[in-house]
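Report on one structure; see the data block that follows.
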2 protein chains.
Amino acid sequence: MALTPLQQEFVLHFGEMGSRWGINRTVGQIYALLFISSEPLNAETITDALAISRSNTSMGLKELQSWNLVRLKHVPGDRRDYFTTPDDLWEIVRTLVSERKKREIDPTLTKLRELEMQGPAGDDYAEARVAELRELIEMMTGFYAEMEKLETERLVKLMTLGSRIAGLIDKTGGMFPVLTKRK
Amino acid sequence: MALTPLQQEFVLHFGEMGSRWGINRTVGQIYALLFISSEPLNAETITDALAISRSNTSMGLKELQSWNLVRLKHVPGDRRDYFTTPDDLWEIVRTLVSERKKREIDPTLTKLRELEMQGPAGDDYAEARVAELRELIEMMTGFYAEMEKLETERLVKLMTLGSRIAGLIDKTGGMFPVLTKRK
DNA sequence: TAGTCATTTCAGAAATTTCTGAAATGTAAG
DNA sequence: CTTACATTTCAGAAATTTCTGAAATGACTA
C-alpha cells in the first residue's frame, strides 16, 4: 500500500514524537497509520506501508494492544487480523489518559504509601515531603476519577466553559448555593 | 552524603520511573534527591550521594534546568552552585504540565495545522481525521490555558469539588443562569 | 597574571532499546 | 492428518541512549 503525502507526513511525525510520548518510533508510526486509514489494516499491509519487518509489526501491534489503543476486526472470508483505532477521539483520549495514569502515576502512589507505612524514618523533612506529594497525587487522581465518570458531552461542555468555572468559587472558600444544593 | 533509607528508596523509585516519564534514570534520581532534601545541594554532593560521575551530574542538572524543574541557589562564601526544587508542589505541577505540553503536544498541533494548510490531499478520510484531531487538541489546550490562569487556591477548590461540577451543566446543553450571568 | 577550583564539553565505552530474519507455534480448511 | 498460511517468539545485529574520564573552559582571588 502506497501512502498519500498527507499520510506519509502524518505517520513520520508520529514516529518522531514517539520517543517523547514513551513509545518507540515504529509503534508511533503503526498507530498513526491506523489512525488515518479509513479501513482496518492487516499486519502485512502495515509492514509494507512502513517498510519495516513483519516481526516488528507484530511486536508493535502487541504493544498497542497492551495499551488498549487498537481494536481487532475480522473480514469475512479472510483469516488475517485487521486493526483499527476507535472512530471516537474522546474514547482514544480516555484510554490514553487512563493507561498513562496506570503506568506513570499509580506505581508511584503505591510506593509513596509504602514508604509512609514504614513509619518514622527520623527524617522529618523527607517524610513531610513524601506525605505532601502523596496527598497531591491523591487529590489529582481523585479528581480524575470524577471526570472519568462524566459523559463526553458534559466533559466537552465543561472544557468549553473554561475559566468561567472559576467564577463558581468565591475567594473565601465557599461555593455558590446552587452547587451545594444539587446532588 | 549518606542517604537515609527513606531517601534511598525514594530516589531509586524515581530513577526506575524515569524512563516511563521520558527522562533517564540519573535525571530522575537527581530530581528525587533534590526534592526530598531540606537544603540545596551542590553537584559534588549529588555525585557522591548517587554514586555517579561528576559529568553525569552536570548533564543531569542541565537537563533539569532546561525543564525549569530546579532552582539555583548560592551560599555566601561558597562559589559552587546549589540546587533545589520549589517548596510549593503546585508550582512543580504547573511547570511539569507546561513543559510536557510544550514538548509533547505543541509540536504536533503545529504539524497538524501545517498539514491542513497544504490544502486538499485527495484523501477525505485522512483530512477529516487530521482536522478532528487538531480541533480536539485545540479544545484541550484552550481549557488548559484557562486553568493555568487560576490561582492555586481556586484550582484546589475546583478539584475538590469533583463531579459536583457536572451538575452545573444540564443535559440539554445549557448551563445554569448563575454561570452565564457572572463575568 | 598565575593559580585554584567549579563547571562544561565531548569522544568513546557501556548499557539499553529497537529491529530483523529465521524458526517455532497456532489455526483453519481440505 | 496434512497443508497452507498467519502470527509470535527469540537470539543476535543494529541503532540509540546513557554514562564516564579527560581535557577544555570559565571565573574568582591573591
Side-chain angles (χ1 to χ4, degrees), chain A residues 1 11-12 14-34 40-67 69-84 103-104, chain B residues 1 11-12 14-34 40-67 69-84 103-104:
Chain A
M1 189 184 72
V11 161
L12 290 179
F14 270 60
E16 284 158 15
M17 293 301 288
S19 59
R20 302 195 191 186
W21 298 335
I23 54 174
N24 68 41
R25 184 174 51 225
T26 305
V27 173
Q29 290 184 351
I30 295 176
Y31 187 79
L33 179 60
L34 295 176
L41 305 178
N42 62 45
E44 184 57 30
T45 308
I46 296 169
T47 297
D48 146 301
L50 302 180
I52 58 179
S53 71
R54 180 61 183 77
S55 54
N56 201 1
T57 303
S58 177
M59 288 167 121
L61 286 170
K62 219 179 78 180
E63 169 99 5
L64 287 171
Q65 282 176 293
S66 86
W67 278 81
L69 281 171
V70 292
R71 308 224 161 301
L72 190 54
K73 294 250 167 178
H74 280 106
V75 174
D78 186 335
R79 57 189 168 98
R80 288 171 296 179
D81 291 337
Y82 283 78
F83 298 89
T84 32
R103 285 153 211 253
E104 300 180 10
Chain B
M1 188 185 72
V11 160
L12 291 180
F14 270 59
E16 285 159 13
M17 293 301 288
S19 58
R20 303 196 191 187
W21 298 335
I23 55 174
N24 68 41
R25 182 175 53 224
T26 306
V27 173
Q29 290 184 352
I30 294 175
Y31 186 79
L33 179 59
L34 295 176
L41 305 179
N42 61 45
E44 184 59 30
T45 309
I46 296 169
T47 296
D48 150 297
L50 301 181
I52 58 179
S53 71
R54 180 63 184 74
S55 53
N56 200 2
T57 302
S58 177
M59 291 166 120
L61 285 169
K62 221 180 74 180
E63 168 101 5
L64 287 171
Q65 282 176 293
S66 84
W67 278 81
L69 280 172
V70 293
R71 310 225 158 298
L72 189 54
K73 295 250 166 177
H74 280 106
V75 173
D78 187 335
R79 58 190 167 100
R80 289 171 296 178
D81 292 337
Y82 283 78
F83 299 88
T84 33
R103 285 153 210 253
E104 300 181 9

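All values reported here derive from a predicted model rather than from experimental measurement. Here is how names work: the chains are called A, B, and so on, in the same order as the sequence lines, proteins then strands, and each is numbered from 1.
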Sub-4.0 Å heavy-atom contacts from residues 77-84 of chain A onto DNA chain D, ordered by number: A:Arg79, A:Arg80, A:Asp81

Integer-rounded Å distance: C:dT9 P and B:Gln65 CD: 11 Å

A:Asp48 (side chain) donor-acceptor with A:Met1 (main chain) under 3.5 angstrom: yes

Sub-4.5 Å side-chain heavy-atom contact between A:His74 and A:Tyr82: no

Between C1' of D:dT9 and CG of A:Leu61, the distance in whole Å: 15 Å

Euclidean distance, atom CE of residue B:Met59 to atom P of D:dA24 [Å, nearest integer]: 17 Å

A:Lys62 side-chain N/O to D:dT9 phosphate OP1/OP2 under 4.0 Å: yes

Atom pair distance, as rounded to whole Å: CG in A:Leu64 and P in C:dT18: 13 Å

Worked check of side-chain contact (heavy atoms from CB on, under 4.5 Å) between A:Leu61 and A:Phe83: CA-CA 9 Å; A:Leu61 286 170; A:Phe83 298 89; 3.4 Å; yes

Partner of B:Asn56 under side chain to side chain contact (heavy atoms under 4.5 Å, CB included), chosen from B:Leu50, B:Thr26, B:Val27, B:Ile30: B:Thr26

Contacting residues from residues 44-56 of chain A, given that a heavy atom lies under 4.0 angstrom of DNA chain D: A:Arg54, A:Ser55

Over 12 non-hydrogen atoms of neighbours within 6.0 angstrom of CZ in B:Arg54: yes

B:Arg103 backbone acceptor or donor facing A:Arg20 side chain under 3.5 Å: yes

Integer-rounded Å distance: C:dT7 C1' and B:Asn42 CG: 12 Å

Interatomic spacing from CD in A:Gln65 to CZ in A:Arg71 - rounded to 0.5 Å: 11.0 Å

Atom pair CG/CG of B:Asp78 and B:Asn42 - distance to nearest 0.5 Å: 7.0 Å

Centroid-centroid under 6.0 Å between B:Trp67 and B:Tyr31 rings: no

Rounded distance [0.5 Å steps], CG in A:Leu41 versus CD1 in A:Ile46: 5.5 Å

Note, A:Leu72 side chain near A:Asp81 side chain (heavy atom, < 4.5 Å): yes

Rounded distance in Å - CD1 (A:Ile30) to C1' (C:dT18): 12 Å

Within residues 19-26 of chain A: residues closer than 4.0 Å to DNA chain C (heavy atoms): A:Asn24, A:Arg25, A:Thr26

Interatomic distance where CG belongs to A:Leu41 and C1' belongs to D:dA6 [whole Å]: 16 Å

